[in-house]
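Encoded as structure tokens, the structure appears first; notes follow it.
Position 1 is the first residue of the sequence; numbering continues from there.
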Amino acid sequence: MAESHLTERAEYDARWAGAQSGQCGYSAENIGYTPNFLRFMDAGLAGLPTPVRALEVGCGDGFFTGQLAQRGCDATGIDLSPVGVEAAQKRFPHARFQVHDLTQPMPFPDGSFDFIGCSEVLEHLFSPLAVLEEMRRVLRPGGRARLTVPYHGLIKNLGIALFAFERHYDPTYPHIRFFTRKSLADLVRRAGLTVESVGACGSNLGMRDLLVKTNILLAARRD
């Protein structure tokens with residue numbers, strides 16, 4: 001594994017080190033957009049044959065995978081961090097978790113899943129198109145994907161340019177891709193998936209949510 005990739009994994013291991021004790025501030029359980037994504041996820045699960053075979057790509061400490069399992073799904077989560085995967089498996093024993101490097105093909109046969117969730121992951125990847133293509137491969141025909149990335153729109157981008165450019169685009173920050181609704185939808189289509197909807201949500205920040213969204217929500221399917 002390249003030195004830069006080892007460094008990245010070490011950063012994620014440190015991030016999830018507190019997950020087993022419930023002290024991890026990065027857990028999706030503690031982030032404002034989570035109720036919105038759970039509703040978005042539930043809409044994606046509706047009407048699928050049960051039990052739904054579900055995959056979370058980039059599961060971290062496994063919170064969303066655990067929510068899938070609690071909803072009756074046959075749920076699997078994959079993540080780069082062994083520390084995150086260990087914490088996830090202990091906390092959510094009714095789901096399956098495994099360490100996986102997304103620079104490599106996913107360790108599943110074609111058409112393995114009915115549903116894929118991938119929340120706040122694509123912005124961390126050098127090759128998000130390749131990962132989206134893998135998602136398409138492991139989705140069955142008719143399967144659904146629900147994706148989120150940080151929101152970038154006109155008002156937010158103007159604010160960043162005027163007041164926070166250096167901080168937002170710090171080269172040591174783990175976000176290396178920045179998406180608009182259009183650019184994310186275009187990338188998903190290039191991967192061979194059909195885009196069903198592209199929206200955005202806030203993070204329960206009151207009036208700020210009306211002015212500046214925090215997350216893009218994209219629904220797709222494999223035809």
Side-chain angles (χ1 to χ4, degrees), residues 1-20 24 26-29 31 37 41 44-45 51-71 73-140 143-149 174-177 184 187-188 190-193 218 220 222:
M1 188 180 293
E3 181 179 352
S4 61
H5 209 56
L6 287 171
T7 301
E8 180 185 21
R9 194 179 78 177
E11 290 174 354
Y12 288 123
D13 285 346
R15 173 179 293 189
W16 302 121
Q20 296 186 44
C24 180
Y26 288 102
S27 174
E29 185 175 12
I31 297 178
F37 182 63
M41 185 177 74
L45 294 171
V52 176
R53 299 168 299 163
L55 172 68
E56 184 185 5
V57 176
C59 65
D61 69 338
F63 177 76
F64 286 133
T65 309
Q67 295 300 305
L68 288 165
Q70 288 177 18
R71 286 158 168 77
C73 297
D74 179 5
T76 300
I78 56 174
D79 197 87
L80 177 66
S81 169
V83 174
V85 165
E86 181 181 3
Q89 193 66 75
K90 287 181 178 179
R91 186 176 181 192
F92 302 106
H94 299 303
R96 291 183 298 277
F97 299 91
Q98 64 187 89
V99 177
H100 177 68
D101 177 356
L102 288 175
T103 65
Q104 304 299 315
M106 293 183 192
F108 309 110
D110 296 358
S112 294
F113 298 99
D114 306 299
F115 178 89
I116 292 178
C118 181
S119 183
E120 307 304 290
V121 173
L122 296 175
E123 68 274 12
H124 296 269
L125 304 177
F126 285 107
S127 299
L129 176 59
V131 174
L132 287 166
E133 289 172 338
E134 275 294 284
M135 289 187 205
R136 181 191 180 279
R137 181 184 67 78
V138 301
L139 267 178
R140 68 163 175 83
R144 300 171 185 166
R146 294 297 183 265
L147 314 174
T148 84
V149 296
H175 290 188
I176 60 175
R177 302 290 184 185
L184 180 61
L187 196 70
V188 169
R190 285 183 61 191
L193 294 166
L218 186 144
R222 178 180 175 182

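- Residues Arg91 and Glu86 are not paired through a salt bridge, judged by the lack of any N-O separation under 4.0 Å between the basic side chain and the carboxylate.
- Counting only heavy atoms from C-beta outward, the side chains of Ile116 and Arg146 never approach each other to under 4.5 Å.
- Note that CZ of Arg222 and CZ of Arg144 are 15.5 Å apart. Values are rounded to the nearest 0.5 Å.
- The side chain to side chain donor-acceptor pair (under 3.5 Å) check on His124 picks up Tyr12, with sequence neighbours excluded.
- Counting all heavy atoms, side chain and backbone alike, Ala69 lies closest to Ala75 at N-CB, 3.9 Å.
- Judged by distance alone, with hydrogens and angles left aside, the side-chain atoms of Asp79 form a donor-acceptor pair with the main-chain N or O of Gly60 at under 3.5 Å.
- Proximity of a side-chain donor or acceptor of Glu120 to a complementary backbone N or O of Val149 within less than 3.5 Å is detected.
- For Arg140, the salt bridge (Lys or Arg N to Asp or Glu O under 4.0 Å) partners two or more places apart in sequence, or in a different chain, are Asp114.
- For Phe37, the ring pair (Phe, Tyr, Trp, His ring centres under 6.0 Å) partners at least two apart in sequence or on another chain are Phe64.
- Residues meeting the salt bridge (Lys or Arg N to Asp or Glu O under 4.0 Å) test with Arg136, sequence neighbours left out: none.
- By the side chain to side chain contact (heavy atoms under 4.5 Å, CB included) test, Val121 pairs with Leu102, Cys118, Leu125, sequence neighbours left out.
- With sequence neighbours excluded, the residues satisfying salt bridge (Lys or Arg N to Asp or Glu O under 4.0 Å) with Arg96 are Asp74.
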Give the C-alpha distance, both sets of side-chain angles, the deciding distance and a yes or no for side-chain contact (heavy atoms from CB on, under 4.5 Å) between Leu45 and Cys73.
CA-CA 9 Å; Leu45 294 171; Cys73 297; 4.0 Å; yes
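- Looking only at side-chain heavy atoms (C-beta outward), Leu55 and Phe115 stay at 4.5 Å or farther from each other.
- Summarising the geometry of Val99 relative to Pro82, their closest heavy-atom pair is CG2-CA, 3.7 Å, with the distance given to 0.1 Å.
- Applying the salt bridge (Lys or Arg N to Asp or Glu O under 4.0 Å) test to Arg137 and every residue at least two apart in sequence or in another chain returns Asp110, Glu134.
- In terms of heavy-atom proximity, Met106 sits nearest to Met135 at CE-CG, 4.0 Å.
- By the 4.5 Å heavy-atom criterion applied to side chains, Thr76 and Thr65 are not counted as neighbours.
- Partners of Ser81 according to the side chain to side chain donor-acceptor pair (under 3.5 Å) rule, which considers only residues two or more places apart in sequence or in another chain, are Asp13.
- Between Arg71 and Met41 there is a side-chain heavy-atom pair separated by less than 4.5 Å.
- Partners of Gln89 by side chain to side chain contact (heavy atoms under 4.5 Å, CB included), not counting sequence neighbours, listed by chain and number: Phe97.
- Partners of Ile176 under the side chain to side chain contact (heavy atoms under 4.5 Å, CB included) rule, at least two apart in sequence or in another chain, are Phe126.
- Under the side chain to side chain contact (heavy atoms under 4.5 Å, CB included) criterion, Pro51 pairs with no residue, sequence neighbours left out.
- Side-chain atoms of Ser119 and Leu147, non-hydrogen and from C-beta on, never get closer than 4.5 Å to each other.
- Within the 4.5 Å cutoff, the side chain of Leu193 has heavy atoms near those of the Leu139 side chain.
- Arg53 places a side-chain N or O within 3.5 Å of a backbone atom of Ser112 that can act as its donor or acceptor partner.
- Phe63 meets the ring pair (Phe, Tyr, Trp, His ring centres under 6.0 Å) test with no other residue; sequence neighbours excluded.
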